[in-house]
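Below is one structure; the comments refer to it alone.
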Amino acid sequence: MNEAPAVETLTMAKAINRALRDAMSESNKVVLMGEDIGKLGGVFRVTEGLSAEFGEKRVMDSPLGEAGIIGTSIGLAMKGYRPVPEIQFDGFVFPAFNQITSQLSKMHGRTGKNFEVPVTIRIPFGGVIGSVEHHSESPEALFAHTPGLRVVTASSPHDAYWGLRKSIESPDPVIFFEPKRRYWMKGAVNFGHTNFDPFTAEVVRAGKDLTIATYGALVPVALAAAQAAQEGGYSVEVIDLRSISPLDVETVAESVNKTGRLVIAHEAPTFGGMGGELSASITERCFYSLEAPVLRVGGFHMPYPVAKVEEEYVPGIDRILEAIERSFTY
């Protein structure tokens, strides 16, 4: 019998689908639930085919009630299962916010560490898909602020596959943010990369003059900006944070101690965003190495706008390049 290839080219959506399929094949304790994830295969078709393969008792179509989805997942986890609930869109997670921050995040500590709650909540997040209100949010900082939760994301099909696999294996509850605008991006997935650690950052482009730290959908944008900056004579290093909580400050600090400059980019508003936490941490660790203030590029402090102007709201190559140029004025 021919063995499956160690490396395949997949879209991010297919990589996530494969991660779910492989996790469910390895353990009958892994169960899925969410709105329209069964016969429909999810609104983005990420769970397509899983209901037919594993049955309705393991791929469960839920009522339209996010609090119920998460509450049920917590109960299942306390009974030994590894639930992977899907929140259909980022803006729909707020009805479940109390369950996540008051129950899921605290259950392990509250019970004297007698109960683990290995729930992995999949949430498509971010914008630039031309959608309507409540479908393009970036609420990662709200969950990163909550102790007891791990919060991760992915920027490539490879990271999406292994990030989700390792999240499901984690004994801690994980919020797994999927950049929906990258669902159709293709890339190589190495299925032999079993030592992958989604809770650490990765240097995805080496450079010596300035560091960009980013995550999720903006990683390809940052790489394009770094390439454009190179044509202007700047050597830019790009770091994919991958994990938002825990935050791998040491990898970023090592880079900044070398380059002396840092630009942080994310789709979420800069005010109260993850960029502020990383900026403060790097300033504390790298004060004597910094040649310029840490600069942040992000969304504006306003509700996510209508689709026709969303690309003015979300940082693009030009806004990252402007921050790079501004850093070198110091």
Side-chain angles (χ1 to χ4, degrees), residues 11-17 19-20 32-48 50-51 59-73 83-101 104 119-144 146 149 151-155 160 163-164 167 173-185 215-218 244 266-269 273-274 298-300 302-311 313-315:
T11 64
M12 184 179 286
K14 291 295 184 183
I16 294 169
N17 180 281
L20 293 170
L32 315 183
M33 67 178 67
E35 298 161 9
D36 300 317
I37 69 164
K39 293 180 180 179
L40 181 65
V43 293
F44 294 103
R45 303 298 185 267
V46 172
T47 54
E48 191 169 39
L50 298 180
S51 178
V59 183
M60 295 170 273
D61 276 323
S62 70
L64 301 181
E66 287 75 17
I69 293 170
I70 301 305
T72 302
S73 296
V84 188
E86 176 189 289
I87 301 297
Q88 195 171 76
F89 280 93
D90 36 36
F92 300 170
V93 73
F94 299 110
F97 191 77
N98 181 54
Q99 289 282 11
I100 296 170
T101 59
L104 179 62
V119 178
T120 300
I121 305 174
R122 294 181 42 246
I123 306 177
F125 86 124
V128 198
I129 62 166
S131 197
V132 295
E133 190 177 19
H134 304 310
H135 290 67
S136 300
E137 307 297 326
S138 295
E140 60 269 22
L142 299 175
F143 297 104
T146 303
L149 299 175
V151 184
V152 299
T153 185
S155 65
L164 186 54
S167 295
V174 179
I175 309 293
F176 191 80
F177 281 109
E178 300 168 5
K180 64 177 84 78
R181 66 192 274 200
R182 304 300 180 197
Y183 271 147
W184 302 276
M185 180 179 71
Y215 54 87
L218 283 195
I244 299 166
H266 49 61
E267 284 194 22
M274 292 308 303
F300 303 111
M302 58 175 285
Y304 196 89
V306 295
K308 67 169 61 177
V309 296
E310 65 179 340
E311 293 197 31
Y313 173 89
V314 172

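Throughout, residue positions are numbered sequentially from 1 according to the sequence presented.
In this structure, F92 and H135 have perpendicular ring planes: the angle between them is above 60°, well past the 30° mark.
E267 and R181 are joined by a salt bridge, as a carboxylate oxygen and a charged side-chain nitrogen come within less than 4.0 angstrom of each other.
Proximity of L142 to F94: side-chain heavy atoms (C-beta onward) are separated by under 4.5 Å at one or more points. A heavy-atom distance below 4.5 Å is not found between the side chains of T72 and M60. For the pair L20 and V59, the minimum side-chain heavy-atom distance is 4.5 Å or more. With contacts defined as side-chain heavy-atom distances shorter than 4.5 Å, the pair F125/I175 does not qualify. Proximity of R122 to L164: side-chain heavy atoms (C-beta onward) are separated by under 4.5 Å at one or more points. I100 places none of its side-chain heavy atoms less than 4.5 Å from the side chain of T146. Considering only heavy atoms from C-beta on, E133 stays 4.5 Å or farther from P303 through its side chain.
Smallest separation of non-hydrogen atoms from V119 and P85: CG1-CD, 3.7 Å. Heavy atoms only, all atoms of each residue included: S155 and G216 are closest at CB-O, 3.4 Å. Scanning both residues, A96 and I70, for their nearest heavy atoms gives CB-CG1, 3.6 Å. Here the closest non-hydrogen pair linking E35 and E86 is O-OE2, 4.3 Å. Nearest heavy-atom pair across Y304 and E137 is CB-OE2, 4.2 Å. Minimum interatomic distance between I69 and P63 (heavy atoms only, all atoms of both residues): CD1-O, 4.3 Å.
A distance of 5.5 Å separates CD of E66 from CD1 of I87, quoted to the nearest 0.5 Å. Taking CZ of F89 as the start and CZ of F44 as the end, the distance is 4.0 Å to the nearest 0.5 Å. Separation of atoms OG (S138) and NE2 (H266) is listed at 9.0 Å; rounding is to 0.5 Å. The CG atom of L104 sits 11.5 Å away from atom CG of N98, with the distance rounded to the nearest 0.5 Å. In this structure, OG in S73 is found 10.0 Å from CG in L32, a value given to the nearest 0.5 Å.
Although no hydrogens or angles enter the test, the distance criterion places no donor-acceptor pair under 3.5 Å between the side chain of S131 and the main chain of G127. At least one donor-acceptor pair closer than 3.5 Å links the side chain of T47 to the backbone N or O of I37. Judged by distance alone, with hydrogens and angles left aside, the side-chain atoms of D90 form no donor-acceptor pair with the main-chain N or O of I123 at under 3.5 Å. At distances below 3.5 Å, at least one donor-acceptor pair connects side-chain atoms of T153 with backbone N or O atoms of F177. Between the side chain of E311 and the backbone N or O of V128, no donor-acceptor pair lies under 3.5 Å. In this structure, Y313 contributes its side chain and F300 its backbone to a donor-acceptor pair below 3.5 Å.
For A141, the side-chain contact (heavy atoms from CB on, under 4.5 Å) test picks out M274, with sequence neighbours left out. Applying the side-chain contact (heavy atoms from CB on, under 4.5 Å) test to D36 and every residue at least two apart in sequence or in another chain returns L40, Q88.
One side chain, Y183 or E178, offers a donor N or O that lies under 3.5 Å from an acceptor on the other.
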Legend entry - CA sep, side-chain torsions, deciding dist, call: I244, F143, side chain to side chain contact (heavy atoms under 4.5 Å, CB included): CA-CA 9 Å; I244 299 166; F143 297 104; over 6 Å; no

